[in-house]
2 protein chains.
Amino acid sequence: MKSSIPAATVARLPIYLRCLGDLAADQSTCSSEELGAIAGVNSAQVRKDVSFLGSQGVRGVGYKVAELRRELRSALGLTKGYAVAIAGIGNLGRALSNYGGFAGWGFDVVALFDSDPAKVGSKVGGQRVESVEHLERIVKERGVSIGIVATPADAAQSVVDQFTGAGLRSILNFAPTVLQVPETVAVRRVDLSTELQILSFYLKDSGE
Amino acid sequence: MKSSIPAATVARLPIYLRCLGDLAADQSTCSSEELGAIAGVNSAQVRKDVSFLGSQGVRGVGYKVAELRRELRSALGLTKGYAVAIAGIGNLGRALSNYGGFAGWGFDVVALFDSDPAKVGSKVGGQRVESVEHLERIVKERGVSIGIVATPADAAQSVVDQFTGAGLRSILNFAPTVLQVPETVAVRRVDLSTELQILSFYLKDSGE
DNA sequence: GTATGTGAAGACCTTCACAGCG
DNA sequence: CGCTGTGAAGGTCTTCACATAC
């Protein structure tokens, strides 16, 4: 996971990319000041982050929007599409399956898994739900690169073991638990309760 | 937002709390080494984090599980419940409304909002969906402390303005956009596409 | 002996401030 | 003149290592 771009910068690149997409279509250049303002980041930070891409801004003018977007997409590896699998088709898994927001960035949901026989075989978002028993085989067959875990906490580790067993090295975990994975595997955690608890701290802290 | 506890520590406290809850019921003490292993954190980090709580571990033994959990809950302000409102009852908003995982931590969903007249008046997760027009009034009436934004990107800023207008200072944002808020307001961003793009970077980076 | 609590070191990240270029 | 690119300064966070306490 050794990278030439600092982790903190990597985490901001998608934000820049989105913010650039939100600009008026006729805006061809954008200064670090301006991009920073809409991305919620200091302008020096923007310049330093962008400098890691090797992109050249134009002094006195700013960055060329189209070029910078291309550079960001390329740096993030969004040029080739990735196949995504979702495990756990409950409330959240179903919402994710139906969410169209990935496709625009080249992420393609190619498999859904659940352990409940009542759900297996049903269709969600145009995809057939498969039994988690066939996870490894199907993940390999369909060339899945990213696994999304949307199961209850107690099923998450087992699903992840199967994902990694099938060779996956990228996991997005929505289950409220900390996953144990080999260090070659990248995990991003998204946990609702954790976020609410953090907000709770700052509420309390500011004297509510 | 000035706090005596570092932000990085605050972000880990909920994880510790959850991990302690996952321990066997008969385990009365836990070392920093052990807690670190299941939380995915260095043991020195655990000790330093816990030291901010003022809690005392027992040298040669570890921390008393029950006592540490109490301290964590107290530090996070989870002793009093907070009322939560969800705006945007689409796929995700509906999944969040039906998700029972908050209640156990003292978060109570007391209001749902949507701008679509077809949804207003329907029931989701036992709650009536209200028109976003009445957001400010209802938020005040019901003493909401935390606002969850699950609207499409283009509606998010307007909803947040209403939330902050009603006096909210804590926002959890699922909409794929960067919100502009007064600096007295705490925002946590949860963005699926961003997470996938970050994973994409590391996939590419490790030679996929 | 075993595990905490913590100063100090080191790594990482952000911000400043200004030289340099268009 | 305006804005980028970047060395240097200043913070913050993590890890080490060991004195300290049970």
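Letters A, B, ... mirror the listed sequences (proteins, then strands); counts begin at 1.
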[X] [atom1] to [N] [atom2], straight-line distance once rounded to whole Å:
X       : N      : atom1 : atom2 : answer
A:Asp49 : D:dG5  : CG    : C1'   : 13 Å
A:Leu53 : D:dG5  : CG    : C1'   : 13 Å
A:Phe52 : C:dC12 : CZ    : C1'   : 11 Å
A:Arg47 : C:dC16 : CZ    : P     : 11 Å
B:Ile5  : D:dT12 : CD1   : C1'   : 16 Å
A:Leu35 : D:dT4  : CG    : C1'   : 13 Å
A:Gln56 : C:dG22 : CD    : P     : 10 Å
B:Glu33 : C:dG5  : CD    : C1'   : 15 Å

Quiz item: A:Arg59 side-chain donor-acceptor pair to D:dG2 base, under 3.5 Å: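 Per atom types, no contact qualifies.
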Residue mapping more 5' on DNA chain D - nearest nucleotide basis, A:Gly60 or A:Ser51: A:Gly60
B:Asp108 and B:Tyr82: side chain donor to acceptor below 3.5 Å: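 Not at all, the side chains of B:Asp108 and B:Tyr82 share no donor-acceptor pair under 3.5 Å.
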Closest listed nucleotide, where the reference is the side chain of [X] and the choices are [options]:
X       : options                : answer
A:Gln45 : D:dT6, C:dT4, C:dT14   : C:dT14
B:Asn42 : C:dC16, D:dC16, D:dT14 : D:dC16
A:Ser31 : D:dT4, C:dG22, C:dA8   : D:dT4
A:Lys48 : C:dT4, C:dC13, C:dT14  : C:dT14

Test item: B:Phe107 and B:Ser145 side chains (from C-beta on) under 4.5 Å apart, heavy atoms: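 Counting from C-beta outward, B:Phe107 and B:Ser145 never come under 4.5 Å.
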Residue met sooner reading DNA chain C from 5', once B:Ala44 and A:Val61 are mapped to nucleotides: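 The 5'-side residue here is B:Ala44.
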Upstream residue (5' side of DNA chain C) when A:Ala8 and B:Tyr63 are each assigned their closest nucleotide: B:Tyr63
Carboxylate-amine/guanidinium proximity below 4.0 Å for A:Arg137 and A:Glu130: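 Salt bridge between A:Arg137 and A:Glu130, a charged N being under 4.0 Å from a carboxylate O: no.
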CD (A:Gln27) with more than 12 external heavy atoms under 6.0 Å: yes
Atom CD of A:Glu33: over 12 foreign heavy atoms under 6.0 Å: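 Atom CD in A:Glu33 is not packed in, count stays at 12 or less.
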